Amino acid sequence: MQYISTNENSPAVDFISALFRGQAPDRGLYMPESIPVLGPDEIRSMKSKSYPEIAEIILSRYLAGHIAPERLSALCRDAYNFDVPVESAEDRLYILRLDRGPTASFKDFAAAMMARLMSEFRDKGGKRLVVLTATSGDTGGAVARAFHGIPGIDVIVLFPPGEVSGRQRRQMTTLSGNVTAIAVDGKFDHCQALVKNAFADPVLGSIDLTSANSINIGRLLPQSVYYAYAYSRIADHPEPMVVSVPSGNFGDMMGALLARRMGIPISRVVVATNSNDEVPQYLTTGVYRKIDPSRVCISNAMNVGHPSNLARVVSLYGGRMDETGAVIRPPDMDAMRRDLFAISVSDAETRDSIREAWTDGRILLEPHGAVGWVGLRRFLELRKNGGRPLCVAVETAHPAKFPEEIERLLGFAPEIPPSLAGLDSGSESWQDMPADYEAFRAFLAERYAA
Ligand SMILES: *Cc1c(COP(=O)(O)O)cnc(C)c1O
């Protein structure tokens, strides 16, 4: 299996190169050159399989030749040693709760596997590997936790202090050891720009840099697994399901699209964004305009004005979008509109839905999952005919990550899951930095350049 750049201007590489490069040399994102298709029997067989076993089935298709089956199986069992509840909310409507991992967000699914793959494939005799990550909320914590304590690897997370919750910050700042947290005086987009500049900077060429952002193929692939898993728990092949994905950088929804191409019967992917509505607008108008600066919403991990995975979505539909968001070759917009239902949800609607879901059904949502929940509702309302399809709304974080918001809306603070217990008392450390590339370059050069 080879991996090709969405910019179509770099040589194809194998999985290991794609994993460590993060971004392709032409600034595109790596995509598998073809998407493996699972047979109907294989999909049916998932019914009796555990989450780690389903992860192994899917990932083995992308890693074939690089890792022994027993080894991959061990990594999957080690990474996915927590619950993945598929909760029945209403008739034919389920909530997939991806919040039981070590940092209580869905980013754990990808980070846990990527860290294990990097640790597995790293050149053990080589230089220190430096993992750079910009975060709008949850990536930093998940990546920091996944790599914490792995020998030979350092993690640097850049976060916008004004946009992350206290608990999100603490997940990055209380680890120390091989984890360094940097508070960038700016927004998520500034953090992401610093990371992207560092990768393109020849001055830093001697440093073994890699990315753990959702541009990394090692994060993308594991995000297709939970769609297959959810399907196996609620459906009988070939009955299709609708999935609703609260989206920011579009890595999670790309996971759904990959699962679909692999043969998991997904009839529609509802892509729900907050007020950063550049993609719903794109699907409506056919014209892509990024939002700069991105808008600050309560679903803070989705405050993204130019989703980095959009280039992958476009490539999946035969188009080409470069890293600046310019459409070099238009994708098949009709097919995209058939497969996706993209909708923007305001903070007011998000808050209302958290209140309603609790009052009407004792369903506890947090701001990100609530955006997906509203998106699914709108989709179902607009459907004219037929009964309700089988639906899965993805809940991407634990409500206890946003205690202030939940308390304000519902009058109580959510119970703290074991993964977050102890966080509030740990001691924090981080570095402050202006949103200025010279400063970031100097920091990296001083620490790592030989
Ligand atoms: C990152 C994140 C999202 C958005 O996921 P993308 O893959 O960036 O679209 C949604 N919800 C939560 C809680 C997140 O941390």
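Atoms within each ligand, like the ligands themselves, are counted from 1 in listed order. Model, not experiment: these values are computed from the prediction.
- Remark: F412 pairs with W358 by the ring pair (Phe, Tyr, Trp, His ring centres under 6.0 Å) rule, at least two apart or across chains.
- Ring planes of W430 and F159: perpendicular class, angle over 60° (limits at 30 and 60°).
- The 4.0 Å heavy-atom shell around ligand 1 contains residues F106, K107, D138, P246, S247, G248, N249, F250, G251, D252, A301, M302, H368, T396, A397, ordered by chain and number.
- If you run salt bridge (Lys or Arg N to Asp or Glu O under 4.0 Å) between R377 and each of E90, E356, E349, only E90 comes through.
- Legend: residues meeting side-chain contact (heavy atoms from CB on, under 4.5 Å) with T139, ordered by chain and number and at least two apart, are K107, T133, T135, V143, R219.
- Partners of F341 by ring pair (Phe, Tyr, Trp, His ring centres under 6.0 Å), not counting sequence neighbours, listed by chain and number: F379.
- Between F443 and F440, the ring-plane angle classifies as parallel under the 30° and 60° cut-offs.
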